[in-house]
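Just below is one structure, and these are the notes that go with it.
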Amino acid sequence: MKPKTLGEALHEAIATLAARKQDSNLGSSRIDAELLLGEATGSSRTALIAWPERTLEPAQRAHFRTLVERRASGEPIAYILGQREFWGLQLAVAPTTLIPRPDTELLVECTLQALSATSPIVCADLGTGTGAIAAALAHERPAWTLIAIERSIGAMAIAAANARQLQLGNLLPLQADWLQGIGPERLDAIVSNPPYVADDDPHLRRGDLRFEPRTALVAGPDGLDAIRAILDQAPRSLRSGGWIGIEHGWDQGAEVRRLLKRAGFEKVKTHRDLAGHERVSSANKPEPKQ
Ligand code: GLN
């Protein structure tokens, strides 16, 4: 068989992906094919584009074919590569964790704005998954301590590996069920991107969501079970004046604001993402009355 050049292999893969992926978008098929060819050959995307006439070794060709087949069957590109960038940081990702989403960068921005950059803030990230939010905050704020809490041992191991790889000495992974194990009034802040999809949401049967851990996505009939559980525990663990920021679905803002007020929080507000959707709600625990 005639050896294939990088350019030919790429072309063929783009056509395969565009024909078989559910979201048959040629632009994303091209990027996926380039990333997978980079993975199979150990070359950068730039090198692939600069030298399309280079030939593939038979082993690389076979490896590439396997990767393209996995992607064509719908497996998320982040799981195939084992990586995803979030807040400019390369994070290890595995099927035991949710894949970090760009939407979640809004929660990082809100947290950076809400709290003093130089104070020794202690902030818990609940259901940290890959550790994305905690890692972004630990990276931006060396004076803070991030307690990255995760119930799943598999995900916890990924978060711990990411903290090590990124040399974030101020990120402490902790295996626990939400705030159980955190003493009263220990935290200055709580952040979370909890599961918030409703049990029967049809999106669960599409795209990347089919491959992600259900426990990281789904939270009861209205998708709010996890947020209710967090808000049951949060007031006790936060110091007076402490801040909480929670990501939620675009249509859950009003209900999350109501739950925050019911839990005794004040200064309740909702922040919109770049698409204009309500995405993060935040609030403070009241200071004691004099
Ligand atoms: N934003 C994700 C989605 O809709 C859900 C993430 C989550 O449940 N925390 O795909």
Side-chain angles (χ1 to χ4, degrees), residues 21-23 25 28 74-80 84-87 91 93-111 123-137 146 148-152 154-156 158-159 162 176-179 190-231 233-234 244-257 259-260 270-282:
K21 274 198 327 190
Q22 284 192 335
D23 56 338
N25 161 338
S28 80
E75 193 173 335
I77 193 86
Y79 289 157
I80 300 175
R84 170 58 47 100
E85 192 182 292
F86 179 82
W87 199 265
L91 297 170
V93 176
T96 49
T97 65
L98 191 79
I99 301 167
R101 310 218 182 341
D103 310 327
T104 302
E105 294 190 344
L106 177 65
L107 177 54
V108 175
E109 280 165 27
C110 292
T111 312
C123 174
D125 173 17
L126 306 185
T128 197
T130 57
I133 299 167
L137 294 172
L146 275 300
I149 300 180
E150 174 57 55
R151 185 176 53 185
S152 143
M156 175 90 282
I158 301 286
N162 280 323
D177 200 358
W178 302 130
L179 290 160
I190 292 172
V191 294
S192 185
N193 172 20
Y196 55 71
V197 177
D199 284 336
D200 61 353
D201 191 315
H203 289 101
L204 293 164
R205 294 193 295 276
R206 294 192 208 135
D208 287 3
L209 273 70
R210 290 170 295 164
F211 290 81
E212 292 179 290
R214 240 185 114 75
T215 49
L217 289 168
V218 165
D222 62 356
L224 290 165
D225 282 2
I227 294 179
R228 277 187 287 264
I230 290 170
L231 292 181
Q233 301 178 14
I244 184 163
I246 298 183
E247 179 176 322
H248 50 72
W250 62 274
D251 56 354
Q252 292 172 330
E255 190 54 20
V256 174
R257 288 193 296 276
L259 291 170
L260 280 163
T270 297
H271 312 259
R272 288 177 188 269
D273 62 20
L274 288 175
H277 296 136
E278 293 194 333
R279 176 64 55 196
V280 169
S281 290
S282 67

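It should be emphasised that the depicted structure is a prediction, and the values quoted were computed from it without experimental measurement. Numbering of ligands and ligand atoms starts at 1, following listing order.
Under the side chain to side chain contact (heavy atoms under 4.5 Å, CB included) test applied with Leu126, the options Ile133, Ile190, Val191, Ile246 reduce to a single match, Ile190.
Counting heavy atoms from C-beta on, the side chains of Asp199 and Pro221 come closer than 4.5 Å.
Not counting sequence neighbours, the partners of Glu247 by the side chain to side chain donor-acceptor pair (under 3.5 Å) test are Thr104, Tyr196. Qualifying side chain to side chain donor-acceptor pair (under 3.5 Å) partners for Thr96, counting only residues two or more places apart in sequence or in other chains: none. For Ala132, the side-chain contact (heavy atoms from CB on, under 4.5 Å) partners at least two apart in sequence or on another chain are Phe86, Leu91, Pro100, Thr130.
Between atom CD of residue Glu75 and atom CZ of residue Arg210 there is a gap of 10.5 Å, rounded to the nearest 0.5 Å.
Enumerated by chain and number, the residues approaching ligand 1 to less than 4.0 Å through a heavy atom are Arg101, Asn193, Pro194, Pro195, Tyr196, Val197, Leu209, Ala216, Leu217.
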